Amino acid sequence: MHGEKSKLGIHNLSVFFGVKQVLYDVTLDIPENRVTAIIGPSGCGKSTLLRSINRMNDFYENLRVQGEVLLDGENIYGDSVDPVVLRRRIGMVFQRPNPFPKSIFENVAYGLRIQGWKNKKAIQERVEESLRAAALWEEVKDRLHAPAFELSGGQQQRLCIARAIAVEPEILLMDEPASALDPIATARIEELIKKLRERYTIVLVTHNMQEAARVSDYTAFLFMGRLIEFGPTAQIFTNPRRKETEDYLTGRFG
Amino acid sequence: MEKKTTQSLWFFFCGLAMGLVCLALGVIVGFVVVQGGRVISFEFLFSFPRRGMTEGGILPAIVGTLYLVVGSICVSLPLGIFSAVYLTEYARPNAFLRIVRSTIHCLAGIPSVVFGLFGLAVFVRLFGFGVSILSGSFTLGIMSLPVVIASVEEALLSVPRPFREASFALGADKWTTVKRVVLPAAFPGILTGMILTVGRVAGETAPIMFTAATFFARGLPRSPFDRVLALPYHIYGLITEGTRPEKQIPLAYGTALVLLALVLLVNLLAIVLRRRFRMARKW
């Protein structure tokens, strides 16, 4: 696929909640160390697809999954896979910033502590490293033990990114990470996403087409649970092959 | 009748009802304060009853109530927290869960004297704890379980779902999430629920009547298997078993005032704590 190494292979994935089918036979290879954007109108199944990757849909009753999602070749829906262990390899940032009601430091240290980290110095180092990587260190270094809720919305979201990358996942899932933020905070998050690509494979759900165009390398267009088109972002935006994609991008619906 | 007249009529009736309630409350509190205030002194609070409860103080009753309250919390808090965690975090919503929930609600409606009889049969007799602090604590603890479970459940449910999701997404299992995120976030709610329960337990008479309380004791209790004096039961004793009512009834009012003050103090603490935590959290 475009000569890129595939990190995540989604093959013939169908997802049902009870009798309602949300995803139809989605096949898509997500390349390593690239930003892949999933775009599409509300209710098209973007979030469901994203949550299928770290099995966050497992919490819903009556979930049924067909097809497979291969992480480095291994099906994450296989019997031997523990979703708890899987989620340590796949970080997630949510639509609304959701720091824990703990201090800034403890938010970032959380993932380490639950993995049994005890060494104080090692934890401190990793927290600093993660906050730096999330471009938040300079703003919070003097108040690491202040409650996370004292931060602004944009800072909280960067804190959530720091929290996610502190455990060094291989993949970072982002569910409309900038949709609750103002334009300046959004710009900072987007800048950060571009930088994080060097170390992580990023899957970004967004309903903001400009955002997809600005930060992503590849774009998948999802419509009514079906993958309509997938390709390099530049090609999707300038020369879409499918009429539905063109209609969506030109604002004819959605 | 004209609309405006109806309006002011109902306004008047509702206001009247409210006024009557305040009046009743004021009269009760005022009465106890005036009657009880006469006997309150340092000696009354910190000495033993003397001469067949016609003189002296209520120290052993204060201490006994304290023991019973602490003991009942030791029973109801762990049981209540774990049950509520099970109900809100683990159990899948099905018919069985609905039955369990309504059973717990029914438990709250059982008259407290029935709990007293249950405690007598089970803890005093069957388990052989005798009439003791232990039996009384278990009886009071079980009696307060429905309220504790309900308040803990409410506190757990008020913890926003995104906190849980963030924890799961970081690779935490359910128990880790409950222990490290949900319970700490629910702590203020659990604490205030607990304090309000303390207020209720302190004032209960019927459940300890057959299981823990006594009218008279030599010295303070030394072991969990001792009987104790307790404030509500002491009032009951002073009024019903007295031989010198002219001396004992004022003492009963004094005891009532102490009990009232304790319960009010505990409730006040709950309000203050809740306000502090509410200001500290912003979700």
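Throughout, a chain's letter reflects where its sequence line sits, starting with A, and its residues are numbered from 1. Side chains are part of it too, since the values below use all heavy atoms of this structure and drop only hydrogens, waters and symmetry mates. Remember, it's a predicted structure, so these values are computed and weren't measured experimentally.
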Within the supplied structure, the quantity of interest is the number of heavy atoms (other residues, nucleotides, ligands) at a distance under 6.0 Å from [X] [atom1]; does it exceed 12?
X	atom1	value
B/Phe96	CZ	no
A/Arg113	CZ	yes
B/Glu154	CD	no
A/Ile184	CD1	no

Have a look at A/Ile114 and tell me which of B/Thr176, B/Val181, B/Asp173 forms a side-chain contact (heavy atoms from CB on, under 4.5 Å) with it. B/Thr176
Side chain from CB out, backbone as N, CA, C, O: work out which of these in [X] comes under 4.5 Å of a heavy atom of chain B, or both, or neither.
X	value
A/Arg51	side chain
A/Pro99	backbone
A/Arg96	neither
A/Leu86	neither

Of the non-hydrogen atoms in [X] and [Y], which two are nearest, and what is the gap between them?
X	Y	result
A/Glu61	B/Arg92	OE2-NH1, 2.8 Å
B/Ala169	A/Asn54	CB-ND2, 4.4 Å
A/Phe94	B/Ala166	CE1-CA, 3.9 Å

Atom NZ in A/Lys102, atom CZ in B/Phe163: separation rounded to 0.5 Å? 10.0 Å
So CZ of B/Arg164 and CG of A/Asn98: to nearest 0.5 Å the spacing works out to 12.5 Å
Does any non-hydrogen side-chain atom of B/Leu170 lie less than 4.5 Å from one of A/Arg88? no
The complete set of side-chain hydrogen bond (donor to acceptor under 3.5 Å, both in side chains) pairs with one or both residues in residues 177-192 of chain B, sequence neighbours excluded, reads B/Ser167-B/Thr177
